[in-house]
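Structure record follows, encoded as structure tokens.
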Amino acid sequence: MNAAPVPPSDPHGDSHAPTHGDSHAPTHGDSHAQSRAAGCEHSDTSPLSIHALTVAYQRRPVLWDVDLDIPSQSIVGVIGPNGAGKSTLLKACLGLIPISSGRIRVFGKPYEEQRALVGYVPQRESVDWDFPVSALEVVMMGTFGQLGWFHRAGKRERAHACEALDAVGLADEAHQQIGQLSGGQQQRVFLARALAQSAQVYLMDEPFASVDAATEQAIIAVLRRMRGEGRTVIVVHHDLETAREYFDWVVLLNTRVVAAGPTATTMTHERLRQTYGGRLTLLDEAAQRIQKAQLG
Amino acid sequence: MSSSIAWLDYNTQVVAASAALLGAAAGLAGCLLLLRRRALMGDALGHATLPGIAGAYLVSVALGGTGKEQWVLLAGAAVGALGGVLSILVIRRGARVSDETAMAIVLGSFFGFGTALLTVIQATPGGHQAGLSSFILGHAASMVASDLRAASIVAFSCAALVVLLTKELRLLCFDDAFARAIGRPVRWLDGVVLLIITAVVIAGLQAVGLILILALLILPATAARLCTDRFSVMLPTAAVMGAVSGVGGTLVSASAPRLPTGPCIVLFAAAIFALALLFAPHRGLIVRATSSRVRGLRQ
Amino acid sequence: MSAWTWAVDGWIIAIGALCALSCAIPGAFLVVRRTSMLADAISHAVLPGIAVAFLLSGTRDPLWMFIGAATAGLMVTLVSSALTRIARIDSGAALGLTFTTAFALGLILIVQVADTVDLDPSCVLYGAIELAPLDSTLIGGVELPRAVIVLGAVTLLNALVALCFWKELTLMAFDPALAKTLGCRPKLMESIILGMAAATCVAAFESVGSILVVAMMIIPAATGRLFSDRLVGVIVGAIIIGFVGAISGHWVATTVAPAIIAGGRDASSAGSIAATLGVLLVIAIIIAPRRGIVVRAIHRWRLTLRIAREDAIGLLWRLEEDHRTVAEVELRTLLVLGAEIPGWLARVALIQLARDGRVDRSEAVVRLTDRGRGEGASLVRSHRLWEIYLMQRLALARDHVHPTAMVLEHITDAAMRARLAREDGATGDGAQPLADPHGRTVPAAINPRDHSV
């Protein structure tokens, strides 16, 4: 058994559903995820499919049994209150934080094999903007994924990065040190870096956070163009007002997935109330007890 | 007159050349340390070498050696530094303290252990002549041609690693989450950075000693950072500043009696830093003061 | 040296202990404020401080040395924070470059005046605690070492300051933003902490050296942090650890070291105390009461064992429900596979259950006793109630609820079961049994407390 008691799967317990039968793999990790995999097949065409994902941060469950199949060629909003696990969901998909159980597939294959297809835009606060690099150099970092070790970025990468900067309207700022750009421009530099990754699925952590209205419009225009090119964009967002306008599809998240589906039918008043207000006191209490039992 | 004589002196040439190479390597390594925001790690590493040196001497003597073989002592220093780094990681997790506290703990206890061993060694026959305590404050005057060779090996391998891995190191220092997301092994890269720092610290023990090596690591790097906003310019700038400090400090110390070389090199580097602080093109205090004056007048 | 001479060793230990006492308060604040390396910076700045003081005053008068060193210590911290603020230099780098530059300057100055006065840089680094008892003065008819007087005075000063500003200092240490809104003037408090640290460093370096000061300030406080979550506890812990470190460190230096290294003499007491403090910290990391490695391992082990016992009872209950029996070997295998525990743990769990009269393993097959059966029913009731809850409230798929319920059942008590049953829609009298998502009946409540809330 690992440091934290993993859910012990019951060899022949209560579940008599056909999917939960006789595969009790005694391997490391979580056997129930594997036994489930035998039952439910996910479409290989979904850019991002998440299966029974649970993430515990310092052993406190942050995401609980998340199931998602993101439709391709769409702009998807991940919406929920603070501390709902929105950023955690993205980071878990990117392998930046360890997951407790579950499975993540990018076009039907594990993320590690599909890295080149996934682009990432972290929160703006996550880096030191005083760092001595220019906007163009940051954008060129997007091409490093395809570039091997010891290879220097050449003309091709440079041209690619310039294109990306141009696409977000920052061609004139290419040689500025990043600290001299405005907050909105910095956000667009990150977006350009993601564009330079030439990925198919993009995970963006609060790209609209504290940017001015003009930047927000510029960013959403870029996202729409990306969708037009057949890419999928998943955006962590917290503004309910604009969500209806921006997204084709939404995931309402509060530790668990409250609802996921097309924006018009999913963002109902009742569902939003469940997401933001609906507290499951018993479950919260249980989560606290688990944490306490494990910490001692 | 005395400085021109010193310039011709073969010993001074050896010391100056070693110090220049060392300064350049420290400048490069310091940039990584500074941009990865672990500047004080250099201090903990430096202090942690002492018990390694003393331990290596004791082991060597116990095995029938003289305890004076330079490479044995330096290997011990490397072991000590490595032990220090590992202890910092262990203590940070085990005692749940901040990075800084873990560094202070390792620095204090390792150095204390080193001095305890040193006092014991100095009372043993032959222990006093081993000159172990010269590693604390440095003893550049005793450097010989073999030290110059060692310094050049360290400097060139550091430079080669940094040049080969520029792209990865820049990514690591700027945005390690992104580096991980595109599949770069961040831990290994951090290990490479630590390896470079350790090599520089050990190479610098003889010239400036284990306390002042921190200055040689971060003074040129910080000065270079003030002068440029570009990573690719900052690295060579810091290397040049480090090399100039090495040569300049050596010459100053040779120009008059009773000027120890290590502290002179550090003060030379500090002078360069002060110049950069005042006159740097964008971040210099004078430029910023005048530009804010101009802005004030316009309003 | 085999036996201690109390006139000498007693004083050495007393000086070490006083050092611990004076360092505890500023040390605790530096550790909780996460600015531990300030101690390192201040203690290195002592060297240029005393050199400059000597150059200016021309005497080795301790008062001048004290003033010079304290001023240099404060200057280094002020200059480095100014560099961070004005030139936007990373705070660690600013601190490092300031104090090393000051140290280099101090080395050069000391070499310049070396002919006229005996100022040895290595004395500043390691101190001379062994010689401190010899340098004594008469105070009120009692001959006291000067170090004891100086350290005692600084200890009193620190205690006084801490008592006067306790409320403000603690608030500042944990939440500077709140402190500011409450009008506590965090800048002033920060300066007070710095002042205490500087005065203590300077008072202590002479007898114990600047590196032991760093060790004395930071290590006992960090160790105390392992034993207590409250600032007072941290300080008291730091004092105790410092005392223990002083005594055992000196013992190691005078007794252990000469015995191990042949032909050697006593090791430096200051160095040994610093190293011993490090060892004490490592020991504390292992055995600390709540956060120690051992306690946490035991706790984890017991938790695992409890879960294994409960899983065994639940398993037996479900087998009974299906009118099946199982041999002990089989049961152990099921437990090992299901809970992912090593085989010997499953064995221990079953032995414990038999000892407590929950299962009977005297026959070929393992059976539940009445007591075990009751507990099994409660456990399975919790499990199935949670499955219903998870499906109803979280709209989880039927094949997803089982593993989650498998975890939750272990932390569910009677009161929680009663609330679960109500939320799941059970009738008050329990006349109509509920069915779980897999069509199984939820066992009726046996524990009388299941009916109360």
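Protein chains get the first letters and strands the later ones, always in sequence-line order, with residue 1 at the start of each.
Heavy-atom pairs under 4.5 Å with chain C were tallied for B:Leu34, B:Leu107, B:Ile265; the largest tally goes to B:Leu107. The greatest number of non-hydrogen atom pairs below 4.5 Å with chain B, out of C:Ile293, C:Ile108, C:Val252, C:Leu281, is found for C:Ile108. Here B:Leu137 is the residue among B:Val208, B:Val97, B:Leu33, B:Leu137 with the most heavy-atom pairs under 4.5 Å with chain C. Between chain B and the residues C:Ala215, C:Ala267, C:Gly278, the largest count of heavy-atom pairs under 4.5 Å involves C:Ala267. In terms of non-hydrogen atom pairs under 4.5 Å with chain B, the most contact-rich of C:Leu277, C:Thr223, C:Val213, C:Thr35 is C:Thr35. Interface summary for chain C: among B:Ser87, B:Ser98, B:Ala39, the most heavy-atom pairs under 4.5 angstrom belong to B:Ser98.
For chain B, no part of C:Ile286 is nearby; none of its heavy atoms comes within less than 4.5 Å. Proximity to chain B is absent for every atom of C:Ala253, based on heavy atoms less than 4.5 angstrom apart. C:Ile86 touches chain B through backbone and side chain together, each having a heavy atom under 4.5 Å away. Of the atoms belonging to B:Phe110, not a single heavy atom falls under 4.5 Å from chain C. With a 4.5 angstrom heavy-atom cutoff, C:Ala87 touches chain B via backbone and side-chain atoms both. Using a 4.5 Å cut-off between heavy atoms, B:Leu217 makes no contact with chain C at all. With a 4.5 Å cut-off on non-hydrogen atoms, B:Leu226 touches chain C through its side chain but not through its backbone. In this structure, the portion of C:Ile89 lying under 4.5 Å from any heavy atom of chain B is its side chain and not its backbone. For B:Leu118, the part sitting under 4.5 Å from any heavy atom of chain C is the side chain, from C-beta outward, and nothing else. The contact between B:Leu277 and chain C is made entirely by side chain atoms (from C-beta outward), counting heavy-atom distances below 4.5 Å. For B:Thr222, the part sitting under 4.5 Å from any heavy atom of chain C is the side chain, from C-beta outward, and nothing else. When heavy atoms are compared at a cutoff of 4.5 Å, C:Leu83 approaches chain B solely by way of its side chain, counted from C-beta outward. Contact of B:Leu285 with chain C is made through the side chain alone, with heavy-atom distances under 4.5 Å. Proximity to chain C (any heavy atom under 4.5 Å) is restricted, for B:Arg288, to the side chain, taken from C-beta onward. Heavy-atom distances place both the backbone and the side chain of B:Ile211 under 4.5 Å from chain C. Residue contact with chain B, scored on non-hydrogen atoms closer than 4.5 Å, involves the backbone and the side chain of C:Arg34 alike.
Of the inter-residue distances, the one linking B:Asp43 atom CG with C:Asp40 atom CG reads 4.5 Å to the nearest 0.5 angstrom. B:Leu219 contributes atom CG, which lies 8.5 Å from atom OG1 of C:Thr98 (distance to the nearest 0.5 angstrom). Atom CD1 of C:Ile285 and atom CZ of B:Arg96 lie 11.0 Å apart (nearest 0.5 Å). Between the CG atom of C:Leu105 and the SG atom of B:Cys264 there is a distance of 10.5 Å, given to the nearest 0.5 Å. For the atom pair CZ of B:Arg225 and CG of C:Asp90, the computed distance is 11.0 Å after rounding to the nearest 0.5 Å. Distance check, rounded to the nearest 0.5 Å: CG of B:Leu216 to CG of C:Leu97 gives 12.5 Å.
The heavy-atom pair separating B:Ser109 from C:Ala274 by the smallest distance is CB-O, 3.5 Å. The heavy-atom pair separating C:Ala93 from B:Ile218 by the smallest distance is O-CD1, 3.5 Å. The two residues B:Ala104 and C:Val214 have their closest heavy-atom pair at O-CG1, 4.0 Å. The shortest non-hydrogen separation linking C:Thr100 to B:Leu212 is O-CD2, 3.4 Å. C:Gly271 and B:Ala116 make their closest contact through C-CB, 4.1 Å (heavy atoms, listed as atom of the first residue, atom of the second, distance). Between B:Thr119 and C:Ser268, the shortest heavy-atom distance links the atoms OG1-N, 2.7 Å.
No more than 12 heavy atoms of other residues, nucleotides or ligands lie within 6.0 Å of CZ in B:Phe113, so this atom counts as exposed by the packing criterion.
With contacts defined as side-chain heavy-atom distances shorter than 4.5 Å, the pair C:Phe103/B:Val266 does not qualify.
A side-chain contact (heavy atoms from CB on, under 4.5 Å) with B:Thr101 holds for exactly one of C:Val32, C:Ile218, C:Leu30; it is C:Ile218.
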